[in-house]
There are 4 protein chains.
Amino acid sequence: MNRDSSRRRPTLRDQQREAARAAIVDAAEELIAAHGLHGAPLVEIAKRAGVAVGTLYNYFTDRDDLVRALFESRRLTLRPMLAAAVERGRGLPFAARLRAFVVDTFAAYDQHRRFLKVAIEAEHLRPNNNTIAPDMQKALDEIVGEGVAQQQVEADVAELVTDVIWGTMKASVLRRIADGRPLAPAADPIVTLILRGARP
Amino acid sequence: MNRDSSRRRPTLRDQQREAARAAIVDAAEELIAAHGLHGAPLVEIAKRAGVAVGTLYNYFTDRDDLVRALFESRRLTLRPMLAAAVERGRGLPFAARLRAFVVDTFAAYDQHRRFLKVAIEAEHLRPNNNTIAPDMQKALDEIVGEGVAQQQVEADVAELVTDVIWGTMKASVLRRIADGRPLAPAADPIVTLILRGARP
Amino acid sequence: MNRDSSRRRPTLRDQQREAARAAIVDAAEELIAAHGLHGAPLVEIAKRAGVAVGTLYNYFTDRDDLVRALFESRRLTLRPMLAAAVERGRGLPFAARLRAFVVDTFAAYDQHRRFLKVAIEAEHLRPNNNTIAPDMQKALDEIVGEGVAQQQVEADVAELVTDVIWGTMKASVLRRIADGRPLAPAADPIVTLILRGARP
Amino acid sequence: MNRDSSRRRPTLRDQQREAARAAIVDAAEELIAAHGLHGAPLVEIAKRAGVAVGTLYNYFTDRDDLVRALFESRRLTLRPMLAAAVERGRGLPFAARLRAFVVDTFAAYDQHRRFLKVAIEAEHLRPNNNTIAPDMQKALDEIVGEGVAQQQVEADVAELVTDVIWGTMKASVLRRIADGRPLAPAADPIVTLILRGARP
DNA sequence: GATGAATGAGTATTCATTCAT
DNA sequence: GATGAATGAATACTCATTCAT
């Protein structure tokens with residue numbers, strides 16, 4: 001009576017299902033970004049997504065699962081971008097590579113401003129749980145590690161350098177999202193400053 | 001309605017009142033640091049403070065007022081410390097002054113680790129509302145401004161420099177609080193790195 | 001500041017608390033008897049008890065706890081009655097003792113008709129969990145055991161005899177509660193019949 | 001609206017329809033027996049029956065109708081068995097007839113253990129509504145009535161005798177189903193005991 | 001007819017706030 | 001003032017029922 005369900009092309013229903021799921025996740029992102037991780041009732045999320053509450057539970061087992069899905073989904077989008085940003089600079093001298101990386105990353109982040117706010121808030125509450133931080137950490141480790149190998153970064157400050165970069169990026173992201181300014185223009189000056197130091 | 005309370009020496013009753021108030025604020029700090037801004041019911045805070053829920057409302061008009069009081073209280077403690085840190089270095093060359101400032105600040109912060117967690121979490125939810133950020137901003141503005149005047153910092157990156165410092169400090173604070181490590185040892189390397197740049 | 005709370009006579013507040021608790025349990029009993037173990041919303045129970053929903057949670061951790069408390073409370077009332085009914089006949093010949101026991105038990109049950117309906121229904125869903133069945137079983141075991149010792153009951157049907165008694169009692173209870181008839185008058189004929197058999 | 005469906009031989013389609021209906025009822029029985037009258041969501045029943053929820057509504061107007069159908073179906077199966085058990089003993093002396101009846105009944109019940117659990121639970125919630133109780137009552141009334149006619153049972157305990165039999169049977173059924181033991185072996189001892197009384 | 005996603009009323013539970021003692 | 005029980009609005013979650021495909 002049933003078509004084989006393991007090897008079939010996505011049916012129309014599947015596509016709609018996926019669309020609905022995405023709509024719900026988007027709505028959650030929007031409302032959570034606006035009101036915080038605890039300030040977005042499911043009824044509101046449902047309303048914003050154009051569905052009824054019960055529908056949420058056809059896609060997610062509970063509130064936590066929805067939030068987790070939001071993080072997973074964005075992480076799935078952002079991770080390849082980070083990876084690409086890491087790859088693209090492979091072979092370049094450290095300074096050029098770091099600059100390219102930060103520029104690319106901010107470009108990618110600019111398309112996900114709403115989520116970044118959520119992600120950075122969440123970092124305190126659900127540490128390292130599907131956050132973007134570990135991915136960023138990994139990317140920076142690789143790049144700064146290369147810098148050490150190229151003798152462009154002293155080994156004993158390598159970890160600190162990644163902290164400076166990631167800390168500064170977060171600060172910039174928060175400030176610029178709050179102000180409604182784009183992230184991209186911040187990339188270049190940040191890298192320049194970090195590379196050559198605060199003193200001229 | 002009462003006798004004027006602004007200009008008489010504190011009676012014993014006033015002192016008790018003040019002590020109770022402080023106990024409540026401390027309890028709030030502790031529980032909010034442990035469970036997040038939304039994970040600390042008033043009944044728990046009261047219990048921890050050794051009073052009944054109803055009593056909270058003799059000291060604070062509502063939950064929000066209590067939280068605001070927590071921030072105010074800590075801000076009141078930390079602001080003079082920051083100011084002192086700013087003052088102490090007055091007249092020093094920029095590099096030395098910045099170093100002294102970060103060292104002093106981390107020393108002060110080390111005594112308020114719990115609150116720092118709360119404050120950094122709150123920054124996302126209630127931006128610039130009684131947070132420590134504006135005070136920090138002001139202090140750094142002054143110090144970095146001096147650096148510009150001393151021609152130790154280029155004017156057009158002044159704002160960015162403060163971002164780098166504050167961003168890096170926050171990153172360090174979070175990581176070290178999470179790890180249970182003291183903040184103080186992080187001060188020196190951070191300043192050195194920021195001053196001379198990532199490249200040797 | 002606080003009175004010693006471990007060794008004080010029940011205060012007025014304690015008494016009120018107990019009264020409120022009892023009112024809630026009574027309301028639960030009434031509504032569950034009327035609409036079944038799943039047919040009594042907490043809001044209704046609260047309303048019937050004359051309190052708000054939230055109040056229930058000052059006395060019971062959740063719905064299940066309230067139901068458990070209902071069973072515990074009634075069991076606590078009924079168990080001593082059963083025990084007394086067992087004691088009272090001690091030393092009597094088996095037949096007289098069994099008769100006295102059933103008479104006493106039905107007298108006690110008559111005062112708790114509502115709860116009996118609940119208890120008998122619950123026996124299927126929460127087997128042996130704070131039900132009256134185990135207490136009854138124990139009582140009958142003792143009495144019938146004595147009958148065996150007195151050679152008034154053959155050993156190999158002892159267990160079956162208790163089944164017959166308890167089964168018949170339950171059947172009578174259900175029928176008579178449904179019909180609004182008292183239980184007491186059923187006691188005597190039941191025992192007579194069981195003792196001498198169905199045939200004249 | 002359709003062609004008259006009452007007087008034509010069952011088409012293939014009718015048979016399939018009937019099979020599907022039966023599968024649904026079976027699934028309902030299984031899940032209700034396992035989780036109680038309120039613990040079996042329609043989605044689960046549908047899944048177990050191998051159909052979609054919506055399909056249930058092509059066979060039953062609502063949940064209640066499905067449950068009613070379950071009871072009707074089993075009643076339709078069990079009633080003739082009871083009737084046969086009643087008939088088979090017609091003409092026998094009371095004792096032999098009662099024995100035969102209980103033996104036959106337990107044999108029949110053994111094939112419907114799952115349903116019996118449901119039926120006995122339901123008796124409390126929806127008394128006399130399509131339960132097996134009334135059929136049993138009728139059968140016992142007839143047999144015990146005959147016993148009275150044969151002067152093997154005193155008229156004034158006739159009703160009570162049926163209570164004893166039915167009560168004891170239910171107790172046995174529940175205990176044995178819970179233990180996973182067959183019902184049949186219980187029949188003989190029960191009847192013997194009831195007939196000759198508890199005393200030797 | 002069959003499907004299963006969507007619906008939303010119904011219910012349990014939490015917690016800031018009030019107020020009688 | 002202090003107490004803590006009472007309040008009820010707010011919220012998460014369930015599930016019978018509907019209906020577009």
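Below, chain A is the first sequence line, B the second, and so on; all start at residue 1. Hydrogens, waters and symmetry mates are skipped; everything else that's a heavy atom, side chains included, is used.
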Proximity to DNA chain F (any heavy atom under 4.0 Å), residues of residues 21-29 of chain A only: none
Within residues 43-54 of chain C: residues closer than 4.0 Å to DNA chain F (heavy atoms): C:Val51, C:Ala52, C:Gly54
With sequence neighbours excluded, what pairs up with C:Asp62 under the salt bridge (Lys or Arg N to Asp or Glu O under 4.0 Å) test? none
Sequence neighbours left out, what passes salt bridge (Lys or Arg N to Asp or Glu O under 4.0 Å) with B:Arg17? Give chain and number order. none
Using heavy atoms to find the nearest nucleotide of DNA chain F for C:Ala20 and D:Pro41 separately, return the residue whose nucleotide is more 5′. C:Ala20
Side chain to side chain contact (heavy atoms under 4.5 Å, CB included) filter on D:Glu18, not counting sequence neighbours, yields D:Arg21
Who are the side chain to side chain contact (heavy atoms under 4.5 Å, CB included) partners of C:Thr77, not counting sequence neighbours? C:Met81, C:His112
With A:Asn58, which residues qualify under side-chain hydrogen bond (donor to acceptor under 3.5 Å, both in side chains), at least two apart? none
Any ring pair (Phe, Tyr, Trp, His ring centres under 6.0 Å) involving residues 42-67 of chain B? Give me the pairs, sequence neighbours left out, ordered by first then second residue. none
Starting from the first five and the last five pairs of the helix from E:dA2-F:dT21 to E:dT21-F:dA2, work out the angle between the resulting helix axes, to 10 degrees. 10°
Just compare E:dA16, F:dA16, E:dA5 and give me whichever is closest to any side-chain atom of B:Leu42. E:dA16
Which residues within residues 55-63 of chain D lie with some heavy atom under 4.0 Å of an atom in DNA chain E? D:Thr55, D:Asn58, D:Tyr59
Identify each donor-acceptor pair in which a side-chain atom of residues 25-32 of chain C lies under 3.5 Å from a protein atom, sequence neighbours left out, and give them as a table.
| residue | atom | partner | partner atom | Å |
| --- | --- | --- | --- | --- |
| C:Asp26 | OD1 | C:Arg74 | NH2 | 2.7 |
| C:Glu29 | OE1 | C:Arg74 | NH2 | 3.2 |
| C:Glu29 | OE1 | C:Arg114 | NH2 | 3.0 |
| C:Glu29 | OE2 | C:Arg74 | NE | 2.8 |
| C:Glu30 | OE2 | C:Arg48 | NH1 | 2.3 |

Answer yes when B:Lys47 and B:Glu44 have at least one side-chain N-carboxylate O distance shorter than 4.0 Å, and no when they do not. yes
Run the ring-ring contact (aromatic ring centres under 6.0 Å, His included) test against B:His38 and tell me which residues pass, sequence neighbours left out. A:His38
